[in-house]
Amino acid sequence: MHKFQARSADPAIARPRRGRIALIGSLCGSLCLLAAACGGKYDVRGNEPDPEKVLAVHPGIDTRQQVSQLLGTPSTTSTFDPNTWYYISKRTEQYAFFDPDIIDQEVLVVKFDDGGLVSDMYIYGVEDGRVVEPVERTTPTYGQELTLMQQLIGNFGRFNTE
């Protein structure tokens, strides 16, 4: 014979159990949000042509128009030589507030001769890149440096009150 214990109808006894369940539920929800926030964020930028279409470009045969139809418009052209087209793409991954890490980077260079035919093609990856360190010096300026007080006092008597 089994003994069954009847539940109490008193709501004061049932409240602590509900409070624990609500606390556990909110903690689980918070942990899920934290885990989702720490996940990596992927970012894809640029124009990465389809590899099969890149192989369809033949040096000495294809023209600018044919390359443009196959690969699309280039990301940029050379500043000093309009016969050089660049297709640049980059994929990065970023966790939370940290700096993004480069997963993949590719630069396809298409060069044309003076007649408008493809003369050469190159592909550069992340390993071919170079880190450029900016110079942190300042340009000297001539003249004198005035303090705030010298600037304020120097303005007295300069204005006409007519």
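Given the structure is predicted, the values throughout are model-derived calculations rather than measurements.
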The reported gap from CG in Asp50 to CG in Leu71 (rounded to nearest 0.5 angstrom) is 9.0 Å
Does some side-chain heavy atom of Val54 sit less than 4.5 Å from a side-chain heavy atom of Met121?
yes
For Val110 and Tyr87, the nearest pair of non-hydrogen atoms, with its separation, is CG2-CE1, 4.1 Å
> Does a salt bridge link Asp43 with Arg45, judged by any charged N lying under 4.0 Å from a carboxylate O?
Replying inline: yes
When Thr79, Thr84, Thr77 are each screened for side-chain hydrogen bond (donor to acceptor under 3.5 Å, both in side chains) with Asp81, the one that passes is Thr84
To the nearest 0.5 Å, atom CD of Glu106 lies from atom CD of Glu48 at 5.0 Å
(request) Decide yes or no for Leu55 and Glu52: does some side-chain heavy atom of the first lie under 4.5 Å from some side-chain heavy atom of the second? (result) no
**Prompt:** Do the side chains of Thr76 and Ile88 get nearer than 4.5 Å, heavy atoms only?
**Reply:** yes
The complete set of salt bridge (Lys or Arg N to Asp or Glu O under 4.0 Å) pairs with one or both residues in residues 111-129, sequence neighbours excluded, reads none
Inset, instruction - Give a yes or no on whether Arg64 atom CZ has more than 12 heavy-atom contacts from other residues, nucleotides or ligands under 6.0 Å away. - result: yes
Applied to residues 98-117, the ring-ring contact (aromatic ring centres under 6.0 Å, His included) test, sequence neighbours excluded, yields Trp85-Phe112
Does one hydrophobic cluster hold both Val44 and Val107, with members joined at side-chain heavy-atom distances below 4.5 Å?
no
> Under the side-chain contact (heavy atoms from CB on, under 4.5 Å) criterion, do Val118 and Val57 qualify, and how do the steps go?
Replying inline: CA-CA 8 Å; Val118 175; Val57 176; 4.0 Å; yes
Problem - Sub-4.5 Å side-chain heavy-atom contact between Ile103 and Val126 - result: no
Self-check item: Tyr86 side chain near Pro74 side chain, heavy-atom distance below 4.5 Å
Solution: no
So OG of Ser89 and CG of Leu108: to nearest 0.5 Å the spacing works out to 9.0 Å
On a heavy-atom basis, the closest approach of Pro59 and Ser119 is CB-O, 4.0 Å
**Prompt:** Got Asp101 and Thr92 here, is their nearest side-chain heavy-atom distance under 4.5 Å?
**Reply:** no
Review point. Under 4.5 Å between side-chain heavy atoms, hopping through other hydrophobics if needed: is there a path connecting Val67 to Tyr124?
Key: no
